[in-house]
Amino acid sequence: MSDLKIRLATFDDLLVINDLYNYYVLHSTCTYQTEPSTPLERAEWFASHGGKHPVTAVEIDGQVVGWGALSRFHSRCAYANTVEDSVYVHHDLHRRGVGAALLADLVERARAIGHHTIIGLIDGSQAASIAVHSKLGFHPCAHLKEVGCKFDRWLDVIYMQLLL
Ligand SMILES: CC(C)(COP(=O)(O)OP(=O)(O)OC[C@H]1O[C@@H](n2cnc3c(N)ncnc32)[C@H](O)[C@@H]1OP(=O)(O)O)[C@@H](O)C(=O)NCCC(=O)NCCS
């Protein structure tokens, strides 16, 4: 997509990032969060990221239509070079290559930072997320059964891993 631009997110992007995310909180099992994030929670989340854990925004024609992030996988120090990825694209703009572009960009950023591995924690029913991770070379490495419950049903989580 020629007019697609991926850059580091700024504080000014956070309301859009939050709206993009909260749509899925309310409508999808792709996130196990069940209550929308407030702007304050989103600001705290953003502040907890930074150099080793970037947040990115993707623009089409100057409008932010998706975002990505590398977050700590675990708080214990020995996990410092392992990150979890997040990628969210506006629900009206799926299947146009935006998610793959965001994830490819995160993989390159993770390599440049010096991370060792990226893990996606994916709800087992999310074909799109599984597909985009597979496309970028992630492989399933764990399948946890019925560890989530949302919309009155038990949910399996698949871990997909990329060694860098
Ligand atoms: C997952 C998500 C980011 C994918 O973004 P997208 O822009 O729609 O995906 P792309 O157009 O880049 O597609 C990438 C690949 O996945 C495939 N794919 C996308 N959606 C798919 C679907 N619903 N079923 C099967 N394959 C799918 C595409 O065909 C493409 O593969 P190809 O290049 O071999 O054809 C998007 O669906 C989304 O925002 N979902 C909600 C949030 C989420 O689940 N995030 C991931 C967990 S953090």
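Counting starts at 1 for both ligands and their atoms, in listed order. All values reported here derive from a predicted model rather than from experimental measurement. These numbers come from the heavy atoms of this one structure, side chains and all, not from hydrogens, waters or symmetry mates.
A donor-acceptor contact shorter than 3.5 Å links the side chain of His115 to the backbone of Lys52. The closest donor-acceptor contact from the side chain of Ser37 to the backbone of Arg42 lies at 3.5 Å or more, if one exists at all. Without hydrogens or angle criteria, Asp13 side chain to Thr10 main chain gives a donor-acceptor distance under 3.5 Å. Judged by distance alone, with hydrogens and angles left aside, the side-chain atoms of Lys150 form a donor-acceptor pair with the main-chain N or O of Thr31 at under 3.5 Å. A donor-acceptor contact shorter than 3.5 Å is absent between the side chain of Tyr23 and the backbone of Ser28.
For atom 28 (C) of ligand 1, the choice among His133, Arg95, Met160 with the nearest heavy atom turns out to be Arg95.
For the pair Arg72 and Trp45, the cation-pi criterion (under 6.0 Å, within 45° of the ring axis) is not fulfilled.
In summary, the atoms of ligand 1 found under 4.0 Å from a heavy atom of Gly97, numbered by their order in the structure, are 10 (P), 11 (O), 12 (O). Every atom of ligand 1 is numbered from 1 in the order shown, and the set under 4.0 Å from a heavy atom of Ala131 is 16 (O), 17 (C), 18 (N), 26 (N), 27 (C). Residue-ligand proximity, Gly99 to ligand 1, at heavy-atom distances under 4.0 Å covers atoms 5 (O), 6 (P), 7 (O), 12 (O). Shown in contact with Val98 at under 4.0 Å from a heavy atom are these atoms of ligand 1, numbered in order with element: 7 (O), 12 (O). Taking every non-hydrogen atom of Val87 and a distance limit under 4.0 Å, the qualifying atoms of ligand 1 come out as 3 (C), 42 (C), 43 (C), 45 (N), 46 (C), 48 (S). The distance from ligand 1 to the heavy atoms of Cys30 drops below 4.0 Å at these ligand atoms: 41 (C), 42 (C), 43 (C), 44 (O). Near Arg96, with a cut-off below 4.0 Å to any heavy atom, the atoms of ligand 1 are 11 (O). Interface of Ser86 with ligand 1, defined as ligand atoms under 4.0 Å from a residue heavy atom, comprises 48 (S).
Using the six-membered ring where Trp is involved, His133 and Phe138 have ring planes that are perpendicular, over 60° apart on the 30 and 60° scheme.
A salt bridge does not link Asp105 to Arg7: none of the charged nitrogens lies less than 4.0 Å from a carboxylate oxygen.
Closest to atom 39 (O) of ligand 1 among all protein heavy atoms lies Val89 N, 2.9 Å. At the shortest separation from atom 41 (C) of ligand 1 among protein heavy atoms lies Tyr24 CE2, 3.4 Å. Regarding atom 36 (C) of ligand 1, its nearest protein heavy-atom neighbour is His94 NE2, 3.6 Å.
For the pair Ser129 and ligand 1, the shortest N or O to N or O distance does not fall below 3.5 Å. Considering both main-chain and side-chain atoms, Lys135 comes within under 3.5 Å of ligand 1 through a nitrogen or oxygen pair. An N or O contact shorter than 3.5 Å links Ala100 to ligand 1 by distance.
For atom 22 (C) of ligand 1, a protein heavy-atom neighbour is found at a distance under 4.0 Å. Within the 4.0 angstrom cut-off, atom 5 (O) of ligand 1 has one or more protein heavy-atom neighbours. The protein reaches atom 26 (N) of ligand 1 closely, with a heavy atom under 4.0 angstrom from it.
Side-chain contact of Ser48 with Glu44: a donor-acceptor pair under 3.5 Å is absent, judged by distance alone. A donor-acceptor contact under 3.5 angstrom links the side chains of His49 and Ser71, judged on distance only.
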> For Ile122 and Val157, what are the C-alpha separation, side-chain angles and deciding distance, and is it a side-chain contact (heavy atoms from CB on, under 4.5 Å)?
Replying inline: CA-CA 5 Å; Ile122 303 170; Val157 172; 5.9 Å; no

